[in-house]
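Start at 1 with the first residue, then count along the sequence. This is a predicted model, so every value here is computed, not measured.
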Amino acid sequence: MDANSYPHQTALESVALPDWDTVEDRIHFQHRTIERDGRRVSDTRPDEILSGGNPVFTDLGLHAGAILGQPGALAATASLKRNDQGPAQRIDRMYCTPDLAPALLAFDVLATDEVREVSDHALLVARFDLDVLRQVLTPAR
């Protein structure tokens with residue numbers, strides 16, 4: 001999904017949150033920040049709701065990066081064409097229910113020249129182990 005917000009487990013990420021003092025596009029600043037404790041900060045609420053605390057969903061990029069040792073899964077996914085919105089960020093994510101996460105084999109962020117021609121967002125590709133998926137998705141008898 002194009003979350004238009006940021007991952008909440010920032011210590012595990014390979015891309016730092018934007019330094020909003022250096023972002024020239026002030027509309028972008030308003031769209032991507034929220035007020036917390038009296039100041040504007042990067043909006044991480046959607047990810048906190050979906051995958052924080054007692055998670056309903058698992059962020060597949062974070063799972064691949066932190067658990068499977070695939071640091072490329074945490075690459076920036078958006079603002080691939082613009083430079084007035086700060087550095088490229090990981091605002092696109094793919095989630096699954098926690099029981100499906102063990103089936104993940106690989107997670108790739110594709111930001112090739114061909115992708116950049118048609119979008120300012122990278123493509124996300126998740127590959128799963130079919131046998132593990134079948135096991136998880138088959139109801140117990």
Side-chain angles (χ1 to χ4, degrees), residues 1-140:
M1 77 177 194
D2 178 355
N4 285 325
S5 61
Y6 304 94
H8 77 283
Q9 295 189 57
T10 56
L12 299 175
E13 295 292 328
S14 61
V15 178
L17 292 175
D19 174 356
W20 292 107
D21 291 333
T22 65
V23 173
E24 298 170 18
D25 183 343
R26 299 324 285 168
I27 294 172
H28 183 73
F29 167 79
Q30 289 296 326
H31 288 171
R32 298 281 174 84
T33 62
I34 59 171
E35 186 174 325
R36 243 187 210 159
D37 299 324
R39 59 188 196 99
R40 302 288 300 182
V41 297
S42 298
D43 183 5
T44 60
R45 285 182 307 179
D47 191 54
E48 290 170 26
I49 291 166
L50 293 171
S51 66
N54 187 12
V56 175
F57 296 104
T58 296
D59 173 344
L60 291 176
L62 184 61
H63 180 81
I67 305 300
L68 302 180
Q70 300 173 4
L74 297 171
T77 63
S79 294
L80 300 179
K81 294 181 180 181
R82 297 185 63 167
N83 57 16
D84 62 335
Q85 296 179 340
Q89 294 290 315
R90 191 171 88 86
I91 65 163
D92 301 282
R93 288 181 291 287
M94 196 179 290
Y95 295 96
C96 72
T97 55
D99 58 330
L100 295 177
L104 185 68
L105 294 173
F107 189 88
D108 297 307
V109 177
L110 305 178
T112 64
D113 289 340
E114 292 85 2
V115 170
R116 291 171 192 259
E117 282 181 34
V118 296
S119 179
D120 66 334
H121 292 258
L123 295 176
L124 305 180
V125 179
R127 287 185 289 128
F128 293 90
D129 182 308
L130 186 57
D131 292 332
V132 176
L133 276 180
R134 280 187 183 122
Q135 182 180 11
V136 170
L137 297 173
T138 301

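- Ser5 has its side chain within reach of Pro46: a pair of non-hydrogen atoms, C-beta onward, lies under 4.5 Å apart.
- The CG atom of Leu17 sits 6.5 Å away from atom CD of Gln89, with the distance rounded to the nearest 0.5 Å.
- In terms of the salt bridge (charged side-chain N to carboxylate O under 4.0 Å, His left out) criterion, Arg39 has no residue partners (sequence neighbours excluded).
- Side chains of Asp120 and Gln85 form no contact here, defined as non-hydrogen atoms less than 4.5 Å apart.
- Ala73 approaches Gly65 most closely through the heavy-atom pair CB-N, 4.1 Å.
- Proximity of Phe29 to Pro18: side-chain heavy atoms (C-beta onward) are nowhere separated by under 4.5 Å.
- Put simply, the side chain of Asp92 reaches to within 4.5 Å of the side chain of Asp2, judged on heavy atoms.
- How far CD of Gln9 is from CD of Glu48: 10.0 Å, rounded to the nearest 0.5 Å.
- Put simply, the side chain of Thr58 does not reach to within 4.5 Å of the side chain of Thr97, judged on heavy atoms.
- For the residue pair Leu100 and Cys96, the shortest heavy atom distance occurs at CB-SG, 3.9 Å.
- Side-chain contact between Asn4 and Arg32: present, with at least one pair of heavy atoms (C-beta onward) separated by less than 4.5 Å.
- Annotation: side-chain hydrogen bond (donor to acceptor under 3.5 Å, both in side chains) contacts of Arg90 (sequence neighbours excluded): Glu13, Asp59.
- When atom types are taken as modelled, the side chain of Ser51 and the backbone of Phe57 share no donor-acceptor pair closer than 3.5 angstrom.
- For Asp84, the side-chain hydrogen bond (donor to acceptor under 3.5 Å, both in side chains) test picks out Arg82, with sequence neighbours left out.
- A search for side-chain hydrogen bond (donor to acceptor under 3.5 Å, both in side chains) contacts involving Glu35 returns nothing, not counting sequence neighbours.
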Using a 3.5 Å cut-off and no angle test, enumerate the donor-acceptor pairs between side-chain atoms of residues 122-130 and protein atoms at least two apart in sequence or in another chain.
from	atom 1	to	atom 2	distance (Å)
Asp129	OD1	Asp131	N	2.9
Asp129	OD1	Val132	N	3.0

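- The local environment of CG in Leu137 is crowded, with over 12 non-hydrogen atoms from other residues, nucleotides or ligands closer than 6.0 Å.
- Side chain of Gln70 to main chain of Phe107: a donor-acceptor pair is present (N/O by atom type, distance under 3.5 Å, no hydrogens or angles).
- By the 4.5 Å heavy-atom criterion applied to side chains, Asp47 and Tyr95 are counted as neighbours.
- Under a 3.5 Å cut-off, the side chain of Arg93 and the backbone N or O of Met1 do not form any donor-acceptor pair.
- Residues satisfying the ring-ring contact (aromatic ring centres under 6.0 Å, His included) test with His28, not counting sequence neighbours, are Trp20.
- Using a 4.5 Å heavy-atom threshold, the side chains of His121 and Leu80 count as separate.
- Atom CD1 of Ile91 and atom OH of Tyr6 lie 6.5 Å apart (nearest 0.5 Å).
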Subject >> Leu50 and Val56: CA distance, side-chain angles, deciding distance, side chain to side chain contact (heavy atoms under 4.5 Å, CB included) verdict >> reply: CA-CA 6 Å; Leu50 293 171; Val56 175; 5.9 Å; no

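- With rounding to the nearest 0.5 Å, the separation of CZ in Arg40 from CD1 in Ile34 is 8.0 Å.
- Counting heavy-atom neighbours within 6.0 Å of Asp99 CG, excluding the residue itself, gives a total above 12.
- Remark: Leu68 CG to Leu105 CG distance equals 8.0 Å, nearest 0.5 Å.
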